[in-house]
*Asks:* 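Before I ask anything, here is the structure I am working with.
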Amino acid sequence: MPREYLALLPEYVLMPVPIPFDLNRLRDAALLPIGEKLRAGERLSLQDGVTLFRSPDLLGVGAMADAANRARHGDRVTFASNQHINPTNVCVLRKTCVFCGYARLPKEDGAYRYSLEQVLAESDQADGTITREFHIVGGLDMQAGLEYYQSMFRALKQRHPQVHIKALTAVEIAHIARIEKMSREDVLIALREAGLDTMPGGGAETFSAAVRDVIADKKLGGTDYIDVHRTAHRLGIRSNCTMLYGHVETIEDRLQHLTMLRDLQDETGGFLAYIPLAYHPDGNELGKTLGREGTSTTGFDDLRNLAVGRLFLDNFEHIKSHWIMVSTPVSQIALHFGVNDIEGTVVREKIYHAVGAHTPQGMTLPQLLTLIRGAGKVPAERDSFYRVLREFAPGDTGEVEPAGSPAAAVA
Ligand code: V47
Ligand code: SF4
């Protein structure tokens with residue numbers, strides 16, 4: 001086993017720990033054995049996960065998730081100052097990922113592929129904020145191979161040396177490997193050399209083969225998604241993971257998906273965070289077929305997915321709420337349902353706005369601080385490895401970086 005892989009293990013693999021929790025807070029008797037397991041520091045079974053999803057006592061589920069979260073993070077809520085860049089929306093799977101409204105065929109209206117200059121120009125637009133992370137994902141574009149991304153990452157690192165590059169989903173890595181006729185491992189090594197620091201969690205959707213047949217029948221399968229992340233972790237490239245919920249999946253599909261993520265985390269400890277993603281039915285084929293246009297997931301289901309993520313994924317340190325997908329009010333309440341991290345100041349997000357997300361496209365630092373403090377929590381800015389850079393004391397507006405802080409050092 002390579003040294004870097006072993007180096008991940010002692011620091012990051014997390015075991016369940018006993019969580020102090022008052023069982024009197026549960027109104028659904030079916031949740032009692034789960035509450036008892038939590039207090040004993042025992043791992044939840046797949047059936048427990050199903051019970052958590054089915055229980056009418058959402059507040060009971062949330063209270064357990066909140067206790068599990070507080071045991072790890074107290075009242076601290078972190079965020080990163082980041083910028084999303086989507087360099088190409090051209091995608092060979094445009095016709096078969098029926099839930100996606102973002103992709104275009106090469107000659108279709110609205111198709112675009114940025115030149116290097118355009119990527120650099122976009123990278124300079126994070127006006128007035130101190131961007132610490134570029135989150136770079138796009139379509140599976142035949143004209144965007146290894147060289148396209150290598151030169152992009154090198155140029156970005158040269159221009160913004162302090163900025164972390166979180167880029168390319170497992171699906172994109174597999175696509176580059178296929179068009180370059182290289183192994184996925186060699187692609188990851190080449191990209192790491194060019195500046196790739198970590199990988200985002202997109203492309204997971206829901207792993208179940210039956211679900212994929214309906215929503216994304218040509219896309220990289222669940223086992224392969226896990227395998228690309230395993231390879232990345234083995235190379236010392238840490239990553240996030242996601243689950244798209246609220247389309248055609250069953251509760252059992254959700255648990256199968258979460259179990260696969262938990263198993264890989266047991267093996268490598270390489271996942272940084274889990275982010276459940278709420279399906280948006282507008283502007284895509286699936287929404288039309290299901291007759292779901294104009295509706296989206298419910299606040300109940302959004303909160304439950306976050307809470308179950310916290311309880312079932314007992315070896316994950318961070319559960320992130322993506323406010324663009326579930327709205328800022330739900331994200332704020334989620335801070336009491338197991339969430340310790342919130343998507344940061346995302347400048348010009350495109351993917352969900354292509355499918356009708358009605359949330360703002362970016363949030364400023366003062367807006368984020370207000371959201372977190374409004375939930376009675378303590379905001380803290382973090383880096384891409386979740387190391388806290390700066391905790392914001394009451395009244396601190398974030399306008400002036402304290403002298404000598406890591407934030408001041410990179411400004
Ligand atoms: O994989 C596409 C999703 C994902 C729709 O790792 C849709 O830090 C809802 O994974 N409705 C990409 N979702 C985004 C993603 C992500 C976002 C923020 C942070 C991180 C991270 C990762 O967007 C895709 C897909 O699951 N998506 N279409 C839709 N109609
Ligand atoms: Fe392409 Fe990703 Fe959209 Fe599928 S979800 S069509 S792979 S951009």
Side-chain angles (χ1 to χ4, degrees), residues 12-23 25-26 28 31 33-55 57-79 201 204 240-243 245-246 251 254-255 257-266 269 271-278 297 299-323 325-326 330-343 372 375-377 382 386:
Y12 297 115
V13 173
L14 291 158
M15 304 304 291
V17 290
I19 309 287
F21 179 72
D22 178 3
L23 295 176
R25 297 185 68 183
L26 302 177
D28 175 7
L31 293 178
I34 298 178
E36 274 157 11
K37 281 189 176 180
L38 196 69
R39 283 159 55 99
E42 278 173 41
R43 174 160 275 193
L44 303 188
S45 66
L46 192 145
Q47 192 47 51
D48 292 331
V50 172
T51 303
L52 288 170
F53 270 117
R54 295 236 158 91
S55 172
D57 183 11
L58 176 67
L59 290 181
V61 174
M64 287 191 284
D66 188 46
N69 181 41
R70 278 175 191 281
R72 290 194 197 284
H73 302 289
D75 275 328
R76 178 185 279 164
V77 173
T78 51
F79 61 88
N240 289 341
C241 55
T242 59
M243 175 175 76
Y245 65 89
I251 299 298
R254 293 181 185 180
L255 265 306
H257 186 103
L258 292 175
T259 303
M260 286 169 74
L261 297 178
R262 189 170 75 175
D263 287 350
L264 183 64
Q265 183 72 333
D266 275 345
F271 283 130
L272 287 160
Y274 167 66
I275 311 138
L277 297 172
T297 54
F300 248 61
D301 206 22
D302 296 334
L303 291 172
R304 198 189 291 269
N305 268 282
L306 289 156
V308 176
R310 168 60 73 195
L311 290 167
F312 194 79
L313 300 177
D314 54 19
N315 50 3
F316 278 61
E317 186 85 46
H318 307 290
I319 304 295
K320 171 152 86 174
S321 169
H322 196 16
W323 58 264
M325 300 303 290
V326 297
V330 169
S331 275
Q332 188 183 40
I333 299 167
L335 303 181
H336 290 269
F337 280 73
V339 167
N340 74 298
D341 190 78
I342 193 155
E343 181 68 18
I372 295 169
K377 297 279 182 169
R382 62 163 175 84
Y386 290 78

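Values below: every heavy atom of this structure, side chains too, minus hydrogens, waters and symmetry copies.
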*Asks:* First locate atom CG of Leu59, then atom CG of Asp28, and finally report the distance between them rounded to the nearest 0.5 Å.
*Replies:*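 The CG atom of Asp28 is 12.0 Å from CG of Leu59, to the nearest 0.5 Å.
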
*Asks:* What distance separates Leu303 CG from Leu58 CG, expressed to the nearest 0.5 Å?
*Replies:*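 Spacing of CG (Leu303) from CG (Leu58) equals 6.0 Å.
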
*Asks:* With side-chain contact (heavy atoms from CB on, under 4.5 Å) as the criterion, how do Leu26 and Phe21 come out once you've worked through the C-alpha distance, each side chain's angles and the decisive distance to 0.1 Å?
*Replies:* CA-CA 10 Å; Leu26 302 177; Phe21 179 72; 3.8 Å; yes

*Asks:* Quick test of your reading of the model: are Arg25 and Asp66 salt-bridged, counting only N-O distances below 4.0 Å?
*Replies:*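 No salt bridge links Arg25 with Asp66.
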
*Asks:* Okay, side chain of His322, backbone of Leu277: is any donor-acceptor separation there less than 3.5 Å?
*Replies:*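 Here the side-chain-to-backbone pair does not exist.
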
*Asks:* From Leu44 CG over to Glu42 CD, what is the distance, rounded to the nearest 0.5 angstrom?
*Replies:*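 Going from the CG atom of Leu44 to the CD atom of Glu42 covers 9.0 Å.
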
*Asks:* Determine whether Asp314 and Val17 satisfy the following criterion, side-chain contact (heavy atoms from CB on, under 4.5 Å), listing intermediate values before the conclusion.
*Replies:* CA-CA 9 Å; Asp314 54 19; Val17 290; over 6 Å; no

*Asks:* How about Leu258 and Leu313: do any of their side-chain heavy atoms sit closer than 4.5 Å?
*Replies:*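 Yes; the side chains approach each other to less than 4.5 Å.
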
*Asks:* Is any side-chain heavy atom of Arg382 less than 4.5 Å from a side-chain heavy atom of Asp341?
*Replies:*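 The answer is yes, as the side chains (C-beta and beyond) meet within the 4.5 Å cut-off.
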
*Asks:* Do Asp75 and Arg70 come within less than 4.5 Å of each other through their side chains, counting heavy atoms only?
*Replies:*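 The answer is yes, as the side chains (C-beta and beyond) meet within the 4.5 Å cut-off.
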
*Asks:* Check whether any side-chain heavy atom of Phe53 sits under 4.5 Å from a side-chain heavy atom of Asn305, and report yes or no.
*Replies:*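 SC-SC contact between Phe53 and Asn305 confirmed.
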
*Asks:* Cys241 vs Phe316, test: side-chain contact (heavy atoms from CB on, under 4.5 Å). Steps then yes/no.
*Replies:* CA-CA 10 Å; Cys241 55; Phe316 278 61; 3.4 Å; yes

*Asks:* Only one of Arg310, Lys320, Glu317 forms a side chain to side chain contact (heavy atoms under 4.5 Å, CB included) with Asn340, so which one is it?
*Replies:*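 Result for side chain to side chain contact (heavy atoms under 4.5 Å, CB included) with Asn340: Arg310.
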
*Asks:* Between Arg304 and Ser55 (side chain of the first, backbone of the second, donor and acceptor by atom type, cut-off under 3.5 Å), is there such a pair?
*Replies:*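 Pair found, side chain donor or acceptor close to backbone of Ser55.
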
*Asks:* Under a 4.5 Å cut-off applied to non-hydrogen side-chain atoms, are Lys37 and Asp48 in contact?
*Replies:*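 Yes. Closest side-chain heavy atoms under 4.5 Å.
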
*Asks:* How long is the span from the OG1 atom in Thr78 to the NE2 atom in His318, to the nearest 0.5 Å?
*Replies:*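 Atom-to-atom, Thr78:OG1 and His318:NE2 are 6.5 Å apart.
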
*Asks:* Could you check whether any side-chain N or O of Arg262 sits under 3.5 Å from a backbone N or O of Phe312, counting only pairs where one atom can act as donor and the other as acceptor?
*Replies:*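 Side chain of Arg262 to backbone of Phe312, a donor-acceptor pair under 3.5 Å: yes, one is there.
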
*Asks:* To the nearest 0.5 Å, how far apart are CG in Leu264 and CZ in Phe271?
*Replies:*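 Going from the CG atom of Leu264 to the CZ atom of Phe271 covers 4.5 Å.
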
*Asks:* Rounded to the nearest 0.5 Å, how far apart are OG1 of Thr297 and OH of Tyr245?
*Replies:*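 Thr297 OG1 to Tyr245 OH: 4.5 Å, rounded to 0.5 Å.
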
*Asks:* For Gly338, does its backbone N or O pair with a side-chain atom of His73 as donor and acceptor, under 3.5 Å?
*Replies:*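 Answer holds: no.
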
